Number of protein chains: 2
Amino acid sequence: MHASPPINAVRPRSLAPRANTLVQHPVADDSLSQAMGLMGATITYARNSEIFGENEPAEYLYKVVSGSVRTYKILNDGRRQVGGFYLVGDIFGLEFADEHSLSAEAITDCKILVVKRNALNALAGRDASVAKQLLTLTGCELHRVQNRILLLIKNAQQRVAGFLLEMARRDSPGDVIELPMSRQDIADYLGLTVETVSRTLTSLECVAAIEVTTSRRIVLRNRSALSHLNG
Amino acid sequence: MHASPPINAVRPRSLAPRANTLVQHPVADDSLSQAMGLMGATITYARNSEIFGENEPAEYLYKVVSGSVRTYKILNDGRRQVGGFYLVGDIFGLEFADEHSLSAEAITDCKILVVKRNALNALAGRDASVAKQLLTLTGCELHRVQNRILLLIKNAQQRVAGFLLEMARRDSPGDVIELPMSRQDIADYLGLTVETVSRTLTSLECVAAIEVTTSRRIVLRNRSALSHLNG
DNA sequence: CGACCATTTGATATGGATCAAGCGATGTGG
DNA sequence: CCACATCGCTTGATCCATATCAAATGGTCG
C-alpha cells in the first residue's frame, strides 16, 4: 500500500440512484434529532449511489434512518481512503468549510434524513441546547478521528481487531456483527489491502477469537482476546 | 513499528518545571484571543515539562505565547504517538470529554496563556462570535486530524515531505524551517522510526529537494518536488 | 576535555503489499 | 431451472519498504 501505482480503480460512480423518493420526516429522540426530523426530509438512496461528492457545497447535514453509508476520498495515486462508516442513527456530513472534503455513498439501500445546514444554524442561534449538541457532535467526530489515528499506527491484526470491536460496540447488542460493507471498504478504512484483511480475519478465526459465519457475518468468540490483540 | 515490544522508553517525565512563573495577560488579535488574553494568565514552562497529563480533568484551554508544545499519548505497548505540534499563536487543549485524552509537554521553554474553560464557555453563551470561533477552532482541529490520517496511509517519503510542507506553511514565511522538535518527536508524529525519518531526510537532500543545514534547521530547495512527492 | 544525548549510517529481518490463481455466491440470459 | 458470467473473498508465492539491531559520528553541556 505504500507504492505509487494506482491500486483500487475508482468504482463505477453513482449508478443513478434507483429511486430517490422524497418522504416526510420520521421521529427522533433528542432535541437536535427532533429538530432535524421536523426540518428535514427523508431521501432514499440505492446501494452504491452517491449522497454527496467531494468539493460539492456542504449545504446539508445528514442522518442515517436506515441502511449504512461510507464517506471516502480518492487520493492522487488512485487509492481510496474511507473516512468512516455511518450506521442507523449516525449523523454525517459535518463540515466546517463550505465544501465537503469527502464524498459519501450508500453502502446498502438506505433512507437518509437531510436537513439544510442554514436552517440548523439558525436554530442553533436561537436554541442553546441545539448549539451545544452540535458542538458535542463535532467533539465526538474529533474523538472518532483521533482513534482512527491510533488504529493506523498499529499492525494489521490490531487494526482489524479494533475495527471489529468498534463495529460490535456501535452496531450490535450481542456478539454477532452484521457487516454492511465489503472487505475492500474495510481495507480502505484501515489502510490495508483486501488480502491482508482477509488473511487477518482467517488468522483471528484460527486463534478462536472470532468466527466468520458468512463473509458479512462475524461472531465475536473471545472479546478479551480481541481487546488484548487490539493493544 | 508494528511489533509489540516497547520501543521508545517513556522519557524522564516532567523534570519539575524550572520556574513556572505567573505573569499577566499579553495581547491578542481576534475576539476569542482577546477574551482569552483578558481572562487568562500566562505561565512559563521549562523544556520537557508537562503542561497537562492524560486523564487529568480538562479545566483549561491553552494558547502558545512563545515556544512550542507537543501533545502525545503513550500506547499500551510503550510506544508514543504524538498528537500534534503547537506553535506560537496556536490553541490547544480542546477537549469535549471532561478529561484530556492526550498529554501536553513543552518542547522548548515556553509561555502559555491559560484560560478556564468555564469562563470561556460562559462567555460563549453571551457572545455569539466567541461561540462561533470556538466551533470554527474545533472544525480546524478536525481538519488537521483528518489530514493526519491521509498522511499516515502514505509512504515514508510522502509523510516526511508532507510534514515539512506543513511546518513551512505554519511556521515560516520563507523557505527556512526551524524545527523545535527532535527527530524522535517527528517520528512519533508520523508513525515512523527515527532512523527512517533521518534516512528520508537524507534522501530528500540527495534529490536536492531540501537542505539540512543543521539538524534542527531545514531549507526547502524545491517545493514543487516536495509537493509532488507528497502525493 | 569528557560524558551524554541526538542524529546519521549500515546490515539484516519482517510484515504487509503485490502478483496470481482458485473458490464460492449471486445474478442473468437462454 | 440450469449454465455461465461476474463479483467478492480467500489462499498462495514472492517482493519490498520500513522496522530492528548495531555502531559510528556529531553536538552540547557540565
Side-chain angles (χ1 to χ4, degrees), chain A residues 1-9 11-12 15 47-48 77-80 107-108 151-160 179-188 190-206 210-218 229 231, chain B residues 1-9 11-12 15 18 46-48 77-80 107-109 151-161 179-188 190-206 210-218 229 231:
Chain A
M1 70 145 305
H2 294 300
S4 311
I7 300 174
N8 318 332
R11 259 141 316 130
L15 323 164
R47 192 164 107 84
N48 288 326
D77 61 6
R79 280 184 301 158
R80 182 184 67 157
I107 294 181
T108 61
L151 256 198
L152 287 178
I153 64 168
K154 295 180 181 169
N155 69 26
Q157 220 177 37
Q158 292 171 323
R159 293 187 212 188
V160 173
L179 296 173
M181 73 292 284
S182 72
R183 295 283 187 271
Q184 185 67 62
D185 288 335
I186 299 173
D188 291 348
L190 296 178
L192 298 170
T193 59
V194 220
E195 293 95 328
T196 300
V197 170
S198 179
R199 273 187 251 271
T200 305
L201 287 173
T202 318
S203 88
L204 288 176
E205 201 169 14
C206 288
I210 65 172
E211 196 170 318
V212 183
T213 318
T214 76
S215 70
R216 298 296 183 94
R217 158 172 288 178
I218 292 179
L229 282 176
Chain B
M1 70 147 306
H2 295 299
S4 313
I7 300 175
N8 320 329
R11 260 139 310 120
L15 323 164
R18 203 187 308 173
R47 192 162 106 86
N48 290 325
D77 62 5
R79 281 184 301 158
R80 182 185 66 156
I107 295 180
T108 60
D109 291 352
L151 255 198
L152 287 177
I153 63 168
K154 295 180 181 170
N155 69 26
Q157 220 178 36
Q158 293 171 323
R159 292 187 213 188
V160 173
L179 297 172
M181 73 292 283
S182 71
R183 294 286 186 270
Q184 185 67 61
D185 287 336
I186 298 173
D188 291 346
L190 296 178
L192 299 170
T193 59
V194 220
E195 293 96 328
T196 299
V197 170
S198 179
R199 272 187 252 272
T200 304
L201 287 173
T202 320
S203 86
L204 288 177
E205 200 168 15
C206 289
I210 64 171
E211 197 170 318
V212 183
T213 318
T214 77
S215 71
R216 297 299 180 94
R217 157 172 290 178
I218 292 180
L229 283 175

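Because only heavy atoms are used, hydrogens play no part in the values below, and waters and symmetry mates are left out as well, while side chains stay in. Everything quoted here is computed from the prediction, not taken from an experiment. Chain naming here is simple, since letters A, B, ... match the order of the sequence lines and numbering starts at 1 in each.
Across the protein-nucleic acid pair, A:Q157 atom CD and C:dG16 atom C1' stand 13 Å apart, rounded to whole Å. What separates CD1 of A:I153 from C1' of D:dT18 is a distance of 15 Å, to the nearest Å. A straight line from CD of B:Q158 to C1' of D:dA17 spans 12 Å, rounded to a whole angstrom. What separates CZ of B:R159 from C1' of D:dA17 is a distance of 11 Å, to the nearest Å. We find that CG of A:N155 is positioned 12 Å from C1' of D:dA19, with the value rounded to whole Å. Computed from coordinates, the B:L201 CG to C:dT8 P distance equals 6 Å when rounded to whole Å. Taking atom CD on B:E205 and atom P on C:dT8, their separation rounds to 9 Å, with Å as the unit. Residue A:D77 contributes atom CG, which lies 14 Å from atom P of C:dA17 at whole-angstrom precision.
Considering only heavy atoms from C-beta on, B:R216 comes within 4.5 Å of B:S182 through its side chain. Between B:R80 and B:D185, some side-chain heavy-atom pair lies under the 4.5 Å cut-off.
In this structure, B:T196 reaches the D:dA19 phosphate: one of its side-chain N or O atoms is under 4.0 Å from OP1 or OP2. Of the side-chain N and O atoms in A:T202, one or more sit less than 4.0 angstrom from OP1 or OP2 of D:dT11. A:T193 has a side-chain polar atom (N or O) that falls below the 4.0 Å cut-off from OP1 or OP2 of C:dA17.
No hydrogens or angles were tested; on distance alone, nothing pairs the side chain of B:R216 with the base of D:dG27 as donor and acceptor under 3.5 Å. Between the side chain of A:R79 and the base of C:dT18, no donor-acceptor pair of N or O atoms lies under 3.5 Å. Evaluation of atom-type donor-acceptor distances gives no pair under 3.5 Å for the side chain of B:Q184 against the base of C:dC5. The base of D:dT28 does not come close enough to the side chain of B:R47 for any donor and acceptor atom to sit less than 3.5 Å apart.
Atoms OG1 and CG, on B:T196 and B:N155 in that order, are 11.0 Å from each other to the nearest 0.5 Å. Taken to the nearest 0.5 Å, the CG atom of A:L204 stands 14.0 Å off from the CZ atom of A:R199.
The side chain of B:R199 sits closest to C:dA11 out of D:dA13, C:dA11, D:dT18. When each of D:dA22, D:dT11, C:dA17 is scored by its nearest atom to the side-chain atoms of B:E195, the top-ranked nucleotide is D:dA22. Ranking D:dA13, C:dT7, C:dG16 by closeness to the B:R183 side chain, first place goes to C:dT7.
Of the possible polar contacts, one joining the B:R159 side chain to the B:G191 backbone as a donor-acceptor pair under 3.5 Å is found.
Within 4.0 Å (heavy atoms only), B:S198 reaches at least one base atom of the nucleic acid.
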